[in-house]
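Structure record follows, encoded as structure tokens.
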Number of protein chains: 2
Amino acid sequence: MEFTASPKPQLSSRANAFSIAALMSSGGSKEKEATENTIKPLEQFVEKSSCAQPLGELTSLDAHGEFGGSVAGNSSPSSSSLCTEPLIPTTPIIPSEEMAKIACSLETKELWDKFHELGTEMIITKSGRRMFPTIRVSFSGVDSEAKYIVLMDIVPVDNKRYRYAYHRSSWLVAGKADPPLPARLYVHPDSPFTGEQLLKQMVSFEKVKLTNNELDQHGHIILNSMHKYQPRVHIIKKKDHTASLLNLKSEEFRTFIFPETVFTAVTAYQNQLITKLKIDSNPFAKGFRDSSRLTDIER
Amino acid sequence: MEFTASPKPQLSSRANAFSIAALMSSGGSKEKEATENTIKPLEQFVEKSSCAQPLGELTSLDAHGEFGGSVAGNSSPSSSSLCTEPLIPTTPIIPSEEMAKIACSLETKELWDKFHELGTEMIITKSGRRMFPTIRVSFSGVDSEAKYIVLMDIVPVDNKRYRYAYHRSSWLVAGKADPPLPARLYVHPDSPFTGEQLLKQMVSFEKVKLTNNELDQHGHIILNSMHKYQPRVHIIKKKDHTASLLNLKSEEFRTFIFPETVFTAVTAYQNQLITKLKIDSNPFAKGFRDSSRLTDIER
DNA sequence: ATCTTTACACCTAGGTGGAAAGTT
DNA sequence: AACTTTCCACCTAGGTGTAAAGAT
């Protein structure tokens, strides 16, 4: 007589996010290895929004890796990383005067920096694993009366596959990247936001999950293990009521990246220092903390 | 070095629901005891949408209790209670042809019926307590292309205060109702819904919380203990982008009630049979189940 | 050899009614 | 006497890394 199941599925914002993401799924690149998926409007825009300033590691084959590594905010003195210069589009898109005012800062920069120094790793599993640290951003310069969609995706940093050399505790290039996977967009479940909301409160992507399951049906972001990735945050201004992600041409958007959030996807942690930092900073991993490191006061 | 706190508060749909609810708060009645709160547009509409068919218990003083008890769906043969006839407005509001097509059914009718037979009680606490059973509804007849706001409120059934006579296991009238409390609307956090979403999936109000704290700052629904209440579900069609709950006149709405969801608010359960049914049917109360009632198979 | 998967103990986070103490 | 409040053990639900087993 326990009542938990129900004849109709629960209507959740997750379901909405998933259905949009599923609709928008497309090949991760436009190379010859591109999958059979059709390129949809937003995906086209997102692809074009990558930065024209190449990293040293870039190859001409790499459709995804055209990121600027020198994004503003790396040396921000405050507790958050301010990213006022988003990706410069390959096909230049000049943001409107209004959208150009928008700035986006990373709220958890100190923690990301600690991981970045060691070489951030993120676990990916078949059922999906959360990111830690979480991407948390706040916006300024938005129109408090307007409505915005905030979303995130994760794109390859280069065209390489890596392996970890335990004996020297460092990452080595292990060859060319595996074929790209269906690119998925994670639309923040609280979207659309009013500008007023965005000015008051930060946006947390804590619920986004990463998977290595190419056939994932949950809308999780699909990644290749042992590859390097860059998360990106996008904001789109809704110009009118009918405008959706499916006819993005009628809307304006901007893309922000935070280089300190680059990570390598793994199915098991490689660098023991990363494991230790995760255990010490993620509340859910408290059970693995070394109690011998307790201070006298804590003891 | 544990990272859970953050400089800016998390932007959650709860916060949104609360701010709207707070804005809409108003006196629970228009009697002389009415609070200092101003009557806002939606609240006016909602008040007017009560049913013109009086219950036997009604008094002329009772601005809230004008409900029809004979709502369609009580004798529904299916697993859910179909409520095609919502409250008849005191000031008649003829729904548009389009809105008139909308039907709303209660998904958890069997369980509600079990409680209703015994006399449903709901715990209210200072910090807020969930309802059990949960109000879960599904809609039909909505326009799949339109957008809708779905919300719920809880109104007094009569102008009485009750007490429970333990020696005869029944409720007695204990006098006139206490002064009405600020009426709050619980806007479903996934609002606005597309009609398509509403046709596919049910809407669950599992997160709504009830409190007896008149000064509650969390947006919970405030009730008087030992009073009888009727939950209501409202659906509003968004006519245009700018239309919000604050200028409801430009929108259309309908109200649905399910008489089997009437309950008495209590700070501790009165009827032991209600306690037993809660323990047996609410998964969170599993710890109180009598293991002596296990069957041979379960044992 | 080098990854990947699975079951698991150990957490966080928070929803239950009970029992005892508090209030009016 | 008739409620109300507080703290608690016991749950659900689900996020951690581990270790052993599995896969290629």
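The chains referred to below are lettered A, B, ... by the order of the sequence lines, with proteins before strands, and numbering in each begins at 1.
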The side chain of A:Ala285 is closest to which nucleotide in this list: C:dT4, D:dT4, D:dT16?
D:dT16
Here's a test of your reading of the structure: between A:Ile123 and B:Arg163, which maps to the more 5' nucleotide of DNA chain D?
B:Arg163
Counting side-chain heavy atoms from CB outward, which of D:dT4, C:dT6, D:dA9 is closest to A:Lys126?
C:dT6
Can the ring centres of A:Tyr166 and A:Tyr164 be said to be less than 6.0 Å apart?
yes
On the nucleotide C:dG17, are OP1 or OP2 found under 4.0 Å from the side-chain N or O atoms that B:Arg129 carries?
yes
Whole-Å gap separating C1' (C:dA19) and CZ (B:Phe288)
10 Å
Determine the contact category for B:Thr125: base if any of its heavy atoms lies under 4.0 Å from a base atom, sugar-phosphate if only primed atoms, P, OP1 or OP2 are that close, otherwise nothing.
nothing
Can you identify which nucleotide, out of C:dG18, D:dC11, C:dT16, has its nearest atom closest to the B:Asn282 side chain?
C:dT16
In whole Å, I'd like the distance from the CG atom of B:Asn213 to the P atom of D:dT5.
8 Å
Can you check the B:Met122 CE to C:dG17 C1' distance for me, whole Å?
15 Å
B:Tyr269 OH to C:dG17 P, straight-line distance once rounded to whole Å:
3 Å
In terms of side-chain heavy atoms of B:Asn212, which of D:dT4, C:dT5, C:dA9 is nearest?
D:dT4
